[in-house]
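Quick note on labels: first sequence line is chain A, next is B, and so on, each numbered from 1.
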Number of protein chains: 2
Amino acid sequence: MKKPILFETGCHHCNVRMNSVFNVLEGDHLSEMSMHKSCNIYKKGQYVFSEHGLPTGLYCINSGKIKIATTGYDGKEQILRLAKSGDIIGYRALLSNERYASSAITLEDASICLIEKDFFFRSMETTPKLMFEVVKKMSRDLKEAEDHIVSLSQKNVRERMAEALLFLKATYGLEEDQQTILVNLSREEIADYVGTSTESCIRLLSEFNHDKIIELKGKKIKIINLPLLIQTANIED
Amino acid sequence: MKKPILFETGCHHCNVRMNSVFNVLEGDHLSEMSMHKSCNIYKKGQYVFSEHGLPTGLYCINSGKIKIATTGYDGKEQILRLAKSGDIIGYRALLSNERYASSAITLEDASICLIEKDFFFRSMETTPKLMFEVVKKMSRDLKEAEDHIVSLSQKNVRERMAEALLFLKATYGLEEDQQTILVNLSREEIADYVGTSTESCIRLLSEFNHDKIIELKGKKIKIINLPLLIQTANIED
DNA sequence: TACTAAATATGATATTTATCATATTTTAAT
DNA sequence: ATTAAAATATGATAAATATCATATTTAGTA
């Protein structure tokens, strides 16, 4: 059932580049970049980088889903962001010259490039467009974080849980055949994103199931009443 | 009792520049900048920019305290950030070429410069150092937002309230004579930052008062047992 | 396949927090 | 200075959520 992992050799031929901040790079610059990056394969559950570690470069996801999480109080994990193919990760610590404040852990087998720190900084300096791309990415992440703050402050757990399912669908999409949410997060991990207890998370999913909003097939979640889910999430506009 | 407002004319003589992202600019560039900025005086409670509006430039605070807030569900205000002298505000929407997602409202009389959009973008392109400064500022704000997410997800209201008082102290400092927290936020506004109801906010401050952690002098808050406040906030390291 | 550990599920209960009600104090305007 | 409005304070109660306990199911492994 495992998907084949593509080994990327040159940035010219990279099939995710145009979906990444590097879409603005051209010709020679790309050849040069190929010399300053390495590509690695990660097994499901592996750390790409760890909290408190020092960044050595910028990670760019070729394939695979990643969670960005930090250790909160009493060691409880907090999922801050989810990343996918084309996303750069670990850029915040790199840009502000700090240690990582969070860890990146693969949710499935993944292939991720590491672009050398020095080369990346030089590229940004010589190619303002690249820097603007990075800035735009950071802007989106900041906006998302602020939306999350409003949600955590003002919505109840039921609403946030519905919102989280919509977020997962928007981020990773649906499985082609089953139409289930295309990410293998445990109930605990969903709880760690929503900001609730594992039991409450399980209970609410069970309630959504009874209410015919979703259908639980094993650990897979299928959205069967999207309008009702949107209504449950209490989303406006 | 009002503080005198300084009218800044030239960026050369700006007394907050070295505390701002513009500390990296020099000579001619500064003279040019003086031609592309305007300085405005705002009364307490005035909007600097509003949610859904289009950015026309970058705001840089000369003096005065500002809250950055967004309208949440059922119109409830959410305070996302607090800004002070030297801080740039409204940069996120400007950089990502979007409408403002939040409003900036003065908490006291303020003096704020507006740097023309085009000039600012040109400056960032010609002076990568300036762009790096902006990136670093955004990094800090993103980090702060993520810390806030962890706090909202994992701490109870009592802990968050203690944390908020420490945050206010760290951000704006203490009144010289009274040693009270140097910002005039109403209980409702504190609640809008902490993510709780106004009543719970009032009740907790009252409890802290009884517990001799703080002292309430009218609407002023004096921290009288800092170690206990830190302990109440449940802060590590 | 059988077995063990982990994950999911659900009930009972305790705790936290919001909401409603109302009193008191402070602030601002006339 | 007086008055009205707003902000703060506090009690009572309801609602939301966490925690603890214990099944049941699922997944991984010998």
Side-chain angles (χ1 to χ4, degrees), chain A residues 1-2 43-45 72-74 76-78 107-108 151-165 180-181 183-211 214-222 232 234, chain B residues 1-2 43-45 72-74 76-78 107-108 151-165 180-181 183-211 214-222 232 234:
Chain A
M1 269 308 265
K2 282 182 187 170
K43 287 270 164 210
K44 175 178 175 174
Y73 314 99
D74 310 313
K76 188 172 161 58
E77 176 175 278
Q78 177 69 40
L107 296 170
E108 58 185 28
S151 176
L152 285 164
S153 289
Q154 304 193 4
K155 286 190 167 179
N156 61 34
V157 179
R158 187 183 174 85
E159 292 168 323
R160 298 208 305 272
M161 179 62 58
E163 219 173 37
L165 295 182
T180 54
I181 287 172
V183 58
N184 243 313
L185 288 180
S186 68
R187 300 292 190 264
E188 187 176 7
E189 285 172 315
I190 297 176
D192 288 344
Y193 174 80
V194 169
T196 187
S197 67
T198 307
E199 293 95 326
S200 292
C201 171
I202 290 171
R203 214 181 295 272
L204 279 167
L205 288 178
S206 184
E207 273 179 42
F208 288 179
N209 191 28
H210 287 144
D211 297 349
I214 62 172
E215 213 171 84
L216 298 176
K217 306 174 158 193
K219 76 181 304 177
K220 282 286 170 191
I221 299 167
K222 181 174 182 175
T232 303
N234 189 15
Chain B
M1 269 308 264
K2 284 183 186 171
K43 287 270 164 211
K44 174 177 175 175
Y73 314 99
D74 308 314
K76 187 170 162 59
E77 176 174 278
Q78 177 69 41
L107 297 169
E108 60 185 27
S151 176
L152 285 164
S153 289
Q154 304 194 4
K155 287 190 167 179
N156 61 35
V157 179
R158 187 183 174 84
E159 291 168 324
R160 297 209 304 271
M161 179 64 58
E163 219 173 37
L165 296 181
T180 53
I181 287 173
V183 59
N184 242 314
L185 288 180
S186 67
R187 300 293 189 263
E188 188 177 6
E189 285 172 315
I190 298 176
D192 288 343
Y193 174 80
V194 169
T196 187
S197 65
T198 308
E199 293 96 324
S200 292
C201 172
I202 290 169
R203 212 181 297 271
L204 279 166
L205 288 178
S206 185
E207 273 180 42
F208 288 179
N209 191 28
H210 288 144
D211 296 349
I214 63 173
E215 213 170 82
L216 297 176
K217 306 176 159 192
K219 74 180 308 176
K220 282 282 170 192
I221 300 167
K222 182 174 181 175
T232 303
N234 188 18

Participant: Look at the side-chain N and O atoms of A/Arg187 and state whether any lies under 4.0 Å from the OP1 or OP2 oxygen of C/dA9.
Facilitator: yes
Participant: Got a donor-acceptor pair under 3.5 Å from the side chain of B/Arg160 to the base of C/dT17?
Facilitator: no
Participant: What is the distance from CD of B/Glu159 to C1' of C/dT16, rounded to the nearest Å?
Facilitator: 12 Å
Participant: Within the structure shown, what part of the strands sits under 4.0 Å from B/Leu205 by heavy-atom distance: base, sugar-phosphate, or nothing?
Facilitator: nothing
Participant: Within this structure, what is the CD-to-P distance between B/Gln154 and D/dT17, rounded to whole angstrom?
Facilitator: 17 Å
Participant: Does A/Ser200 put a side-chain nitrogen or oxygen below 4.0 Å from OP1 or OP2 of D/dA18?
Facilitator: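 Yes, within the criterion.
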Participant: May I have the distance from A/Glu189 (atom CD) to C/dT8 (atom C1'), rounded to whole angstrom?
Facilitator: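 From A/Glu189 CD to C/dT8 C1': 14 Å.
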Participant: Any base atoms under 4.0 Å from B/Thr198, or only sugar-phosphate, or nothing? Heavy atoms, all strands.
Facilitator: nothing
Participant: Treating B/Gln78 as the side-chain partner and B/Asp192 as the backbone partner, does any N or O pair qualify as donor plus acceptor under 3.5 Å?
Facilitator: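 Pair found, side chain donor or acceptor close to backbone of B/Asp192.
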Participant: Rounding to an integer number of Å, can you tell me how far B/Leu152 CG sits from D/dT17 P?
Facilitator: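 Going from CG in B/Leu152 over to P in D/dT17 covers 14 Å.
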Participant: Between the base of D/dT19 and the side chain of A/Arg203, is one N or O donor paired with an acceptor at under 3.5 angstrom?
Facilitator: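 In this structure, the two groups form a donor-acceptor pair.
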Participant: Please report the distance, rounded to the nearest Å, between NZ in A/Lys217 and P in D/dT26.
Facilitator: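 Nearest whole value for this atom pair: 14 Å.
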Participant: What is the distance from CZ of B/Arg158 to P of C/dT15, rounded to the nearest Å?
Facilitator: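 One finds 16 Å between P of C/dT15 and CZ of B/Arg158, rounded.
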Participant: Testing the basics here: between A/Leu185 and A/Lys219, what is the closest heavy-atom pair and its distance to 0.1 Å?
Facilitator: O-CE, 4.1 Å
Participant: Quick check: closest heavy atoms across B/Lys76 and A/Gln154, and the distance to 0.1 Å?
Facilitator: O-NE2, 3.2 Å
Participant: Is the shortest side-chain N/O distance from B/Lys219 to OP1 or OP2 of D/dA7 below 4.0 Å?
Facilitator: no
Participant: Answer with base, sugar-phosphate or nothing: what part of the nucleic acid does A/Ser186 contact at a heavy-atom distance below 4.0 Å?
Facilitator: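 Answer is sugar-phosphate: A/Ser186 comes under 4.0 Å of backbone atoms only.
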Participant: For B/Arg160 versus B/Lys155, what's the shortest heavy-atom pair and its separation?
Facilitator: NH1-O, 3.0 Å
Participant: Whole-Å distance between D/dA16 P and A/Met161 CE?
Facilitator: 16 Å
Participant: Counting only side-chain heavy atoms from C-beta out, which of D/dT17, C/dG11, C/dA9 sits nearest to A/Asn156?
Facilitator: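 Side chain of A/Asn156 sits closest to D/dT17.
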Participant: Taking only the side-chain nitrogens and oxygens of A/Ser206, find out if one of them lies under 4.0 Å from OP1 or OP2 of C/dT8.
Facilitator: no
Participant: Closest approach to the side chain of B/Glu199, judged atom by atom: which nucleotide of C/dA21, D/dT17, C/dA9 is it?
Facilitator: C/dA21
Participant: I need the CD1-P distance between A/Ile202 and D/dT22, as an integer number of Å.
Facilitator: 17 Å
Participant: D/dA18, OP1 or OP2 - any side-chain N/O from A/Thr196 closer than 4.0 Å?
Facilitator: yes
Participant: For residues B/Val157 and B/Leu204, report the shortest heavy-atom separation together with the two atoms involved.
Facilitator: CG1-CD1, 3.3 Å
